[in-house]
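One structure is given below, encoded as structure tokens.
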Amino acid sequence: MKQILVVGKTNVGKTLFTLNFAAYLGMTSVQITFRDIRTSHSKSFSIQEAIDLFVSDSEHQTKCLQSIILALPWGKGTKQCELIDSTGLVPNIHPDLLIRQAMGQTLTMVRQIRHMLHIIDGTQHAQIDDLDRQLANYGTYVTSYAVIANKWDLVQSSHALQDLKKAFPKQLVIPVSSLHKSGFREVRTYVRNVL
Ligand SMILES: Nc1nc2c(ncn2[C@@H]2O[C@H](COP(=O)(O)OP(=O)(O)OP(=O)(O)O)[C@@H](O)[C@H]2O)c(=O)[nH]1
Ligand SMILES: [Mg+2]
């Protein structure tokens, strides 16, 4: 099964994106597989339960790989892929060992994965930093890559998309609001192309 890694800095909305994209595809519940560097286990949640438990304002809410299987309508049936939410990255060395290890796990996945959705906070359109540039650079080595400019509901500037297209000139940039599930049609097109 094809795997798509959801990657980006901490608190940009990776987990809400993952869960609400599943909701957009018509799923009402998800089986989440939690994988840290030692163990792996799976548990089922309604999407609302998962949002309540795993989406938060605080940094590093996600501390391991959390993957779900997406089912996309395909002809008369469906086709599946694995969407892998990951521990958010920070530019500095994090003081907490467990979070450093979890970020190491994200970076290992970045080096192995073929399909990558790089989530950024769209409100930061004027200040793309080195970490996001480096992730975009990794994106040039994978089979498919797109920048998801999230939190677009909070973006005020009419130049925001232009700024992002300048910062990521060779990449596909998709503005979305994971909160309102807007912009997800283009994400679905990206995912269908991966399949
Ligand atoms: N307004 C708005 N808020 C959002 C959106 N997406 C996420 N958020 C909020 O941003 C915060 C972080 O969301 P998460 O999905 O937990 O972010 P994350 O990238 O998974 O964070 P970590 O796992 O902690 O690295 C939460 O308070 C979300 O409700 C969006 O599209 N619009
Ligand atoms: Mg998260």
Side-chain angles (χ1 to χ4, degrees), residues 3-25 27 30-37 42-43 45-68 70 82-110 113 116-125 127-129 131-132 134-136 139 146-157 160-161 164 173-188 190:
Q3 295 180 310
I4 304 172
L5 180 66
V6 176
V7 68
K9 290 190 294 197
T10 187
N11 222 26
V12 294
K14 298 176 296 301
T15 302
L16 188 59
F17 167 81
T18 302
L19 294 169
N20 266 349
F21 184 58
Y24 173 79
L25 295 178
M27 297 170 67
V30 282
Q31 167 132 333
I32 304 185
T33 299
F34 301 85
R35 268 178 285 160
D36 63 22
I37 55 171
S42 299
K43 202 172 169 203
F45 303 89
S46 74
I47 288 189
Q48 193 54 55
E49 261 173 351
I51 289 173
D52 292 344
L53 286 168
F54 304 120
V55 173
S56 158
D57 250 354
S58 57
E59 294 194 343
H60 297 298
Q61 178 72 9
T62 306
K63 296 182 188 65
C64 65
L65 299 176
Q66 295 184 179
S67 63
I68 62 175
L70 292 180
E82 187 180 10
L83 193 60
I84 309 174
D85 182 18
S86 62
T87 299
L89 300 170
V90 290
N92 50 313
I93 297 174
H94 200 280
D96 184 325
L97 174 65
L98 286 179
I99 290 174
R100 282 207 303 278
Q101 284 176 337
M103 284 196 274
Q105 194 191 21
T106 301
L107 291 172
T108 301
M109 278 308 280
V110 167
I113 204 81
M116 198 189 284
L117 284 173
H118 173 190
I119 316 288
I120 64 168
D121 180 341
T123 65
Q124 304 295 306
H125 57 89
Q127 307 135 37
I128 300 305
D129 66 9
L131 179 46
D132 280 321
Q134 281 171 22
L135 280 172
V147 175
I148 303 292
N150 192 32
K151 306 194 184 183
W152 208 252
D153 54 293
L154 301 176
V155 170
Q156 310 252 317
S157 162
L161 194 52
L164 290 176
V173 178
I174 309 175
V176 312
S177 165
S178 296
L179 188 63
H180 301 305
K181 304 189 194 88
S182 60
F184 278 1
R185 183 200 285 245
E186 213 180 329
V187 181
R188 187 180 59 189
Y190 167 92

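Just so you know, ligand 1 is whichever comes first in the structure, and atom 1 is the first atom listed for that ligand.
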Counting only heavy atoms, which portion of [X] has something under 4.0 Å from ligand 1: side chain, backbone, both, or neither?
X: Asp153; value: side chain
X: Gln61; value: both
X: Leu154; value: side chain
X: Glu59; value: backbone

Least distance between heavy atoms, [X] atom then [Y] atom:
X: Gly88; Y: Lys14; value: CA-NZ, 3.5 Å
X: Lys9; Y: Leu131; value: CG-CD2, 3.6 Å
X: Leu161; Y: Val173; value: CD1-CG1, 4.2 Å
X: Gly13; Y: Asn150; value: CA-ND2, 3.5 Å

More than 12 heavy atoms from other groups under 6.0 Å of CD1 on Ile93: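 For Ile93, atom CD1 is not crowded (no more than 12 foreign heavy atoms under 6.0 Å).
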
Arg185 atom CZ, over 12 foreign heavy atoms within 6.0 Å: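 Not more than 12 within 6.0 Å, no.
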
Protein contact of [atom] - nearest heavy atom, named by residue and atom, plus distance:
atom: atom 29 (O) of ligand 1; answer: Val55 CG1, 3.8 Å
atom: atom 21 (O) of ligand 1; answer: Asn11 N, 3.0 Å
atom: atom 17 (O) of ligand 1; answer: Gly13 N, 3.1 Å
atom: atom 7 (C) of ligand 1; answer: Leu16 CD2, 3.5 Å

Approximate separation, where rounding is to 0.5 Å, of Thr18 OG1 and Gln66 CD: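 It comes to 8.5 Å.
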
N/O/S from Thr62 sitting under 2.8 Å away from the Mg ion (ligand 2):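 So Thr62 does bind the Mg ion (ligand 2) by this criterion.
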
Metal site the Mg ion (ligand 2): N/O/S of Thr15 inside 2.8 Å: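 Yes, Thr15 qualifies, because one of its backbone or side-chain N, O or S atoms lies under 2.8 Å.
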
Test side-chain hydrogen bond (donor to acceptor under 3.5 Å, both in side chains) applied to Thr62 and Thr10, Thr87, Thr15, the passing residue: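 Output: one option passes, namely Thr15.
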
Working for ring-ring contact (aromatic ring centres under 6.0 Å, His included), residues Phe184 and Phe17: CA-CA 9 Å; Phe184 278 1; Phe17 167 81; 5.6 Å; yes

Polar proximity ligand 1 side, Val176 side, N/O cut 3.5 Å exclusive: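 No, Val176 has no N/O under 3.5 Å of an N/O on ligand 1.
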
Please compare [options] and report which has the shortest non-hydrogen distance to [atom].
atom: atom 10 (O) of ligand 1; options: Gln66, Lys151, Lys63, Lys14; value: Lys151
atom: atom 26 (C) of ligand 1; options: Ser56, Ser178, Gly183, Ser58; value: Ser56
atom: atom 23 (O) of ligand 1; options: Leu179, Thr10, Thr62; value: Thr62

